[in-house]
Amino acid sequence: LYTSKNGLASDVAISSFLDREGRLWIGTRRGLSVVQDGKFKTFTTKDGLAHDNISSLTADSNGHYWIGTKTGISSFKPPDDPFDPDYRISFLNYDVSDGLPSNVMNLMSAYCDSDGTVYFGTRNAGMIYFHPDDLKSNDFIPPVYITEFRLNNKLVSVNDSNSVLK
């Protein structure tokens, strides 16, 4: 029996699956826990997860894990040893700003079919699906331009003789 007393993130377990290495991944109300041989580790928003309230889990054909939450979808490639204290999972998070019709994923509604298409049921926006190979990363870092500077809500110019800007 896995409970919060012996290491599970929460006593409310929503979704789970057993990976190829025999690790049990459990989505809870307080993060994503992984269990193997009596060892526990939990990943939360502090680690980059979209939200601690996990509603669904699945794995795709490329070995990436997909997590439905209350604020979108998180994805990650599981490490060889998730219990290594020096390893940090790199989560990719997707939400409405990335094109999702809703940020809220339904309970136990994630699935990956035989061709690798991933499905999630959403709250109030139907079923979404995508093939992970079709997702494109946006590595563009936009330039930053300072168009004005205000101090105590008063415009400050570089050209003013008593300006704090030099």
Side-chain angles (χ1 to χ4, degrees), residues 1-139 141:
L1 180 65
Y2 301 128
T3 69
S4 59
K5 290 180 178 144
N6 59 11
L8 192 62
S10 166
D11 287 334
V12 180
I14 305 299
S15 187
S16 64
F17 73 90
L18 190 64
D19 70 16
R20 295 178 197 142
E21 288 75 29
R23 299 178 295 225
L24 182 62
W25 295 84
I26 305 169
T28 75
R29 295 269 186 230
R30 293 191 179 138
L32 177 67
S33 292
V34 58
V35 184
Q36 186 178 35
D37 300 326
K39 294 186 289 187
F40 287 82
K41 184 159 184 184
T42 297
F43 301 95
T44 66
T45 54
K46 293 177 183 174
D47 300 297
L49 194 60
H51 196 279
D52 289 339
N53 194 338
I54 310 273
S55 56
S56 52
L57 300 169
T58 193
D60 69 21
S61 53
N62 296 322
H64 288 86
Y65 295 177
W66 295 87
I67 305 162
T69 75
K70 290 181 83 171
T71 58
I73 299 171
S74 292
S75 174
F76 71 99
K77 178 82 171 170
D80 291 333
D81 181 8
F83 304 101
D84 179 349
D86 296 326
Y87 185 83
R88 297 192 52 85
I89 286 181
S90 178
F91 289 98
L92 291 174
N93 297 315
Y94 303 90
D95 60 22
V96 292
S97 69
D98 298 299
L100 294 180
S102 171
N103 280 338
V104 183
M105 301 301 122
N106 277 336
L107 297 177
M108 300 177 289
S109 67
Y111 175 71
C112 182
D113 70 14
S114 60
D115 79 351
T117 300
V118 175
Y119 298 82
F120 279 95
T122 67
R123 180 99 27 96
N124 301 322
M127 176 76 66
I128 62 168
Y129 64 93
F130 56 89
H131 197 287
D133 292 346
D134 295 336
L135 298 178
K136 305 291 184 233
S137 293
N138 181 358
D139 297 328
I141 299 173

Trainee: Phe120 versus Leu100: any side-chain heavy-atom pair under 4.5 Å?
Mentor: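 Phe120 does not reach Leu100 side chain to side chain.
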Trainee: Provide the closest heavy-atom pair for Tyr87 versus Pro79 in the form atom of the first, atom of the second, distance.
Mentor: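 Heavy-atom minimum between the residues: CE2-CB, 3.2 Å.
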Trainee: Shortest non-hydrogen contact from Met108 to Ser15?
Mentor: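 Closest approach of Met108 to Ser15, heavy atoms only: CG-CB, 4.5 Å.
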Trainee: Between the main-chain N or O of Gln36 and the side-chain N or O of Glu21, is there a donor-acceptor pair closer than 3.5 Å?
Mentor: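 Such a contact is absent between Glu21 side chain and Gln36 backbone.
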Trainee: If the condition is salt bridge (Lys or Arg N to Asp or Glu O under 4.0 Å), which residues does Arg30 pass it with, not counting sequence neighbours?
Mentor: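 Result, salt bridge (Lys or Arg N to Asp or Glu O under 4.0 Å) vs Arg30: none returned.
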Trainee: Using a 4.5 Å cut-off on heavy atoms from C-beta on, say whether the side chain of Ile54 contacts that of Ile14.
Mentor: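 No - every pair of side-chain heavy atoms lies 4.5 Å or more apart.
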Trainee: Taking side chain to side chain contact (heavy atoms under 4.5 Å, CB included) as the test, write out the residues that go with Ser97, two or more places apart.
Mentor: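 Ser97: side chain to side chain contact (heavy atoms under 4.5 Å, CB included) contacts with Asp95.
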Trainee: Would you say that Leu32 contacts Trp25 through its side chain, given a criterion of any heavy-atom pair below 4.5 Å between the two side chains?
Mentor: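 Leu32 reaches Trp25 side chain to side chain.
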Trainee: Shortest non-hydrogen contact from Arg23 to Pro82?
Mentor: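 Shortest heavy-atom separation between Arg23 and Pro82 comes out as NH1-CD, 3.2 Å.
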Trainee: Taking the side chain as everything from C-beta on, heavy atoms only, tell me whether Phe43 gets closer than 4.5 Å to Phe76.
Mentor: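 In short, these two side chains do not touch, never coming nearer than 4.5 Å.
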Trainee: For a quick test of reading the model, state the closest non-hydrogen atom pair linking Ala59 to Cys112 and the distance between them.
Mentor: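 Taking Ala59 first and Cys112 second, the nearest heavy atoms are O-CB, 3.2 Å.
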Trainee: Do any pairs count as a side-chain hydrogen bond (donor to acceptor under 3.5 Å, both in side chains) and have a residue in residues 44-56, sequence neighbours left out, and if so which ones?
Mentor: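 Only Arg29-Asn53 qualify under side-chain hydrogen bond (donor to acceptor under 3.5 Å, both in side chains).
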Trainee: Given Val118 and Ile73, is the side-chain contact (heavy atoms from CB on, under 4.5 Å) satisfied, shown in steps?
Mentor: CA-CA 11 Å; Val118 175; Ile73 299 171; over 6 Å; no
Trainee: Which side-chain hydrogen bond (donor to acceptor under 3.5 Å, both in side chains) pairs, counting each pair once, include a residue from residues 61-70, with sequence neighbours left out?
Mentor: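 Counting only pairs at least two positions apart or across chains, the side-chain hydrogen bond (donor to acceptor under 3.5 Å, both in side chains) contacts touching residues 61-70 are Asp19-Tyr65, Asp60-Trp66, Asn62-Asp133.
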Trainee: For Asn93 versus Asp98, what's the shortest heavy-atom pair and its separation?
Mentor: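 That would be O-OD2, 3.7 Å.
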Trainee: With sequence neighbours left out, write down each residue that passes salt bridge (Lys or Arg N to Asp or Glu O under 4.0 Å) with Asp81, or none if nothing qualifies.
Mentor: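 Once residues adjacent in sequence are excluded, Asp81 has no partner under the salt bridge (Lys or Arg N to Asp or Glu O under 4.0 Å) criterion.
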Trainee: By the salt bridge (charged side-chain N to carboxylate O under 4.0 Å, His left out) test, which pairs, at least two apart or in different chains, include something from residues 105-127?
Mentor: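 Listed by first then second residue: nothing to list.
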Trainee: Indicate the atoms forming the closest heavy-atom contact of Ser74 with Ala50, along with that distance.
Mentor: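 Minimum heavy-atom separation between Ser74 and Ala50: OG-N, 2.9 Å.
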Trainee: Does a donor on one side chain and an acceptor on the other come within less than 3.5 Å for Asn103 and Thr71?
Mentor: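 No pair is found: no donor N or O on one side chain lies under 3.5 Å from an acceptor on the other.
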Trainee: Is Asp11 close to Thr3 at the side-chain level, that is, under 4.5 Å between some pair of heavy atoms?
Mentor: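 Thr3 vs Asp11: side chains touch.
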Trainee: With sequence neighbours excluded, tell me which residues meet ring-ring contact (aromatic ring centres under 6.0 Å, His included) with Tyr119.
Mentor: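 Counting only residues at least two positions away or on another chain, Tyr119 forms a ring-ring contact (aromatic ring centres under 6.0 Å, His included) with Tyr129.
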Trainee: Mark yes when over 12 heavy atoms from residues, nucleotides or ligands other than Asp134 sit less than 6.0 Å from its CG; otherwise mark no.
Mentor: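 More than 12 within 6.0 Å, yes.
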Trainee: Could you state the interatomic distance from CG (Leu57) to CZ (Phe17), rounded to the nearest 0.5 Å?
Mentor: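 It comes to 6.0 Å.
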Trainee: Looking at residues at least two apart in the chain, or sitting in another chain, which of them share a side chain to side chain contact (heavy atoms under 4.5 Å, CB included) with Ala125?
Mentor: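 In terms of side chain to side chain contact (heavy atoms under 4.5 Å, CB included), with neighbours along the sequence ignored, Ala125 is linked to Pro101, Ser102, Thr122.
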Trainee: Of all residues at least two apart in sequence or in a different chain, which pass the side-chain hydrogen bond (donor to acceptor under 3.5 Å, both in side chains) check with Thr42?
Mentor: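 Checked Thr42 against side-chain hydrogen bond (donor to acceptor under 3.5 Å, both in side chains); matches are Ser33.
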